[in-house]
Amino acid sequence: RALERRGLSVIEVRSGEAGGGNERRGRLRHGDVILALQELATMLTSGVSIADAVGSQALGAHHPRIVAAFAGMSRDLQRGQAFSATLAKCGLPLPEYVVQLARAGEMTGELGKALRDAGAQMEYEQQLRNEMRNALIYPAVLVVAGIAAVAIMFIFVVPKFASLLEQANDLPLLAWVVLAFGTWTRENFWLLLLLLAAAGAGAALGEGAGRPAGQQGAAHARAGVGAVRPAVAAAARADGRGHPRGARRRLAGRCAGGP
C-alpha cells in the first residue's frame, strides 16, 4: 500500500541474507536515512510492535551506521527507554523535528503515522535541495569560466602590454591601474591564490556555523504551529456550534490572559 501511494509497483522480490548491509561502505547518504525511516514507519502502521520493527531494521540490508544505530536503539528499548529518547541519541543525521514528531506520536498512539510524515518531510527537503543544486550548476559554470578568463587576461596578457606601454605617458588612469594590477598579479600569483582560498574557507565556515541556528529556529516554528493546531481543534470541539473562527478568538483571548 505504501508503494502504491508513492506510485511504485513491485517488479521482483528477492530474498537476501540478514546483515548483508554490513558490506556496504562509503559515506552515509541522506536517502539511506530516509529509506530506513520510511521502512520503520511502514512496519509500525502495519501493526508490527516497536521492538520487533527496530530489531528488524538492525538486521536489514542498510548502511553500517544505520544498522549500528538501530541495534543500539533496540538495546535501549529492551531496557525500557522511550522510542523518542533512543531516536534522539542514535547518532543518525536526523532533523530535530523528527524527534519531536516521534515524541508526539508516542503520546497520541500514532507513532507510525508520525514517522511516515517525518519521512515525507525529509524526502521533500532532499528533493528541494537537489533541485536547487541542479539549478545552480549552470550559473556556477558561467561564474567559474568568467573568473578563469579574467585571471588568464591579468596573468598572461596584461603584463605583455605593460612592457610595451611602460614608456607611454598619455595613458588614462584606468589603463595604468589595469596594467599595474596585471603586473602585480603575475608577480604575486601564489599570494593571491592563498588569499582567495582563505576567503573561500572563511565563507564556508560562516555558512556552516549559521546553518544549525537556522534549522533550530525552523524546528521551533514547526513545533509552535503543531502545538497551536490541536488547541484550536479542541476549542472548536468544545464550542457548541463548532465554529472555528470563534474558537480561534477564544484561544487568542486565553493566550492574552483574558477570560
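Just so you know, these numbers come straight off a predicted model, no measurement behind them.
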query = Nearest 0.5 Å, what's the CG-CD distance between Leu44 and Glu110?
reply = 12.0 Å
query = Is there any salt bridge (Lys or Arg N to Asp or Glu O under 4.0 Å) pair reaching into residues 43-53, and which pairs are they, with sequence neighbours excluded?
reply = none
query = Do Phe70 and Arg65 have side-chain heavy atoms sitting under 4.5 Å apart?
reply = no
ask   = Would you say the side chains of Arg75 and Gln78 form a donor-acceptor pair under 3.5 Å?
value = no
task = Enter the distance from Leu37:CG to Leu94:CG here, rounded to the nearest 0.5 Å.
result = 6.5 Å
note = Between Ala82 and Leu77, the two heavy atoms sitting closest are C-CD2, 4.2 Å
Minimal non-hydrogen separation, Gly112 against Ala41, with atom names = O-CB, 3.5 Å
request  = Verify the distance criterion only: is there a donor paired with an acceptor across the side chains of His63 and Arg29 at less than 3.5 Å?
outcome  = no
ask   = Roughly how far, to the nearest 0.5 Å, is CE of Met122 from OH of Tyr97?
value = 5.5 Å
key: Arg116 CZ to Gln121 CD distance, which is reported to the nearest 0.5 Å   = 14.5 Å
key: Set of residues satisfying salt bridge (Lys or Arg N to Asp or Glu O under 4.0 Å) with respect to Asp76, sequence neighbours excluded   = Arg79, Lys89
Tabulate below the donor-acceptor pairs under 3.5 Å that side-chain atoms of residues 132-145 make, not counting sequence neighbours, or state none.
from, atom 1, to, atom 2, distance (Å)
Arg133, NH1, Asn130, OD1, 2.9
Asn134, ND2, Asn130, O, 3.1

query = CD1/Ile50 to CE/Met43 distance, rounded to the nearest 0.5 angstrom?
reply = 8.5 Å
request  = Please go through Leu194's hydrophobic cluster and name the other residues, only I, L, V, M, F, W, Y counting, with side-chain heavy atoms under 4.5 Å joining them.
outcome  = none
key: Partners passing side-chain contact (heavy atoms from CB on, under 4.5 Å) against Ala68 (at least two apart in sequence or in another chain)   = none
inquiry  = Quick one, Glu96 with Gln100, criterion side chain to side chain donor-acceptor pair (under 3.5 Å). Give me CA distance, side-chain angles, the key distance, then yes/no.
reply    = CA-CA 7 Å; Glu96 180 65 25; Gln100 300 295 337; 3.2 Å; yes
inquiry  = To check you understand the geometry: which heavy-atom pair defines the closest contact between Leu92 and Ala69, and what is its length?
reply    = CG-CB, 3.7 Å
query = Would a distance-only check, ignoring hydrogens and angles, find a side-chain to backbone donor-acceptor pair under 3.5 Å from Gln57 to Glu39?
reply = no
key: Common cluster, Met153/Val150, ILVMFWY with side-chain heavy-atom separation under 4.5 Å   = yes
remark   = Value for CD (Glu123) from CD (Gln38), rounded to nearest 0.5 Å, stands at 5.0 Å
query = With Asp32, which of Ile34, Leu35, Leu28 fulfils side chain to side chain contact (heavy atoms under 4.5 Å, CB included)?
reply = Leu28
request  = Return the set of residues passing side-chain contact (heavy atoms from CB on, under 4.5 Å) with Ala102 (not counting sequence neighbours), or none when no residue passes.
outcome  = Phe83, Ser84, Leu87, Leu111, Leu115
remark   = Scanning both residues in full, the closest heavy-atom pair of Val54 with Ser74 reads CG1-N, 3.7 Å
